[in-house]
Amino acid sequence: MTGFDPATVQAALAGASLPWSVRFYPSVDSTMSVARALADAGVAAGTVVVADEQTAGRGRMGRGWVSPPGENLYFTILLRPTQAVLRRLAMIAPLAVAEGIEAQTGLRAEIKWPNDVQLRGLKCSGVLIDTELRGDGAALALVGIGIDVNQDVSGVPEIAGLATSLRLETGREVDRTALLAAVLQAFDRRYAEAAAGGNVAAAWKARLNTLGRSVTVSGVGLHEEGIVEDVDADGSLLLRRDDGALLTIPAGEVSLRPIAPPADR
Ligand code: BTN
């Protein structure tokens, strides 16, 4: 990975709460499947699978994730959280990405419910979480994160007009090594805070750009329109429908689209 140095990321995490172990691969199908195989082989929590390129990157809702070499960050964090922390992972991950991006670039990063990270309303990062709960209550979580760092996403038809990259926003190349270190440092802090019973939901909510918006929420067997009134402590969306009903929609395999206000005449 040109300009990417996993040893520097590892060194930046010395003294962190989690026992981080960064593993770099030039090309994989998906960091999710590599992390899954490592989990099955019993590697420790805190293992991070980073790839320069993914040939079959996975997004939410069965979509793909465009993953060319040499430009972006693609990584999966392997965790074995308590149930309480597991419920906060979908907040911790985008929060850490937003905080890492801000630390490295000075750009204001917002979160589009539930866990996209946006700059000026355009997506620059997505989060995909696979979890497995065992009978004894132990959990495995694979937290996959993609960040469009230096790619000119305006040339990618599937995402043009919806996505941006840190280079497009700053006008300069962004150092992927320093960015990954900053995101993992922020993740470590927020994970430790959640494990200690802290209120990471408040920091996540403070970055949401979805509150008060008219939106359409859709997923399997779900299609609702309304105004986003609030989120609850678990991160579920509280949607006020036109008929006055207040719906609680858990974050999961759902997507949210803004309804454009009527055009001025
Ligand atoms: C989304 O659809 O917004 C989630 C995208 C998640 C992409 C990341 S890239 C690293 C990890 N490996 C994958 O195949 N997907 C996730």
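Atoms within a ligand are numbered from 1 in the order they appear, just like the ligands themselves. Here the structure is a predicted model, which means the values were calculated and not measured.
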Worksheet item: Do other residues, nucleotides or ligands put more than 12 heavy atoms under 6.0 Å from D40 CG?
Response: yes
Practice prompt. Could you tell me whether D116 approaches ligand 1 through its side chain, its backbone, both or neither, with non-hydrogen atoms closer than 4.0 Å?
Written response: side chain
Worksheet entry | Protein residue, atom and distance nearest to atom 3 (O) of ligand 1, heavy-atom basis | K123 NZ, 2.6 Å
Worksheet item: Where is the nearest protein heavy atom to atom 11 (C) of ligand 1: which residue, which atom, and how far?
Response: T31 OG1, 3.2 Å
Discussion item. Show the atoms of ligand 1 that are less than 4.0 angstrom away from any heavy atom in S30.
Written reply: 12 (N), 13 (C), 14 (O)
Practice prompt. Identify the protein heavy atom lying closest to atom 5 (C) of ligand 1, giving its residue, its atom name and the separation to 0.1 Å.
Written response: W65 CE3, 3.3 Å
Worksheet item: Quick one: does R63 get a heavy atom under 4.0 Å from ligand 1?
Response: no
Worksheet item: F187 vs W20 aromatic rings, parallel, tilted or perpendicular, using cut-offs 30° and 60°?
Response: perpendicular
Fill in: Interfacing atoms of ligand 1 (cut-off 4.0 Å, heavy-atom, G57)
14 (O)
Practice prompt. Check the side chains of S154 and D152 for a donor-acceptor pair under 3.5 angstrom, ignoring hydrogens and angles.
Written response: yes
Worksheet item: To which protein heavy atom is atom 15 (N) of ligand 1 closest, and what is the distance rounded to 0.1 Å?
Response: R58 O, 2.7 Å
Item to complete: List the closest protein heavy-atom neighbour of atom 2 (O) of ligand 1: residue, atom name, distance to the nearest 0.1 Å.
Response: R60 N, 2.7 Å
Item to complete: Establish, from distance only, whether the side-chain atoms of Q118 and N209 form a donor-acceptor pair under 3.5 Å.
Response: yes
Fill in: Sub-4.5 Å side-chain heavy-atom contact between R23 and V43
yes
Worksheet item: Does the pair R36/E132 count as a salt bridge with the N-to-O cut at 4.0 Å?
Response: yes
Worksheet item: Taking all non-hydrogen atoms of both residues, which atom of R108 and which atom of A206 are closest, and how far apart?
Response: NH2-O, 3.9 Å
Discussion item. Quick check on M61 - does any of its heavy atoms sit under 4.0 Å from an atom of ligand 1?
Written reply: no
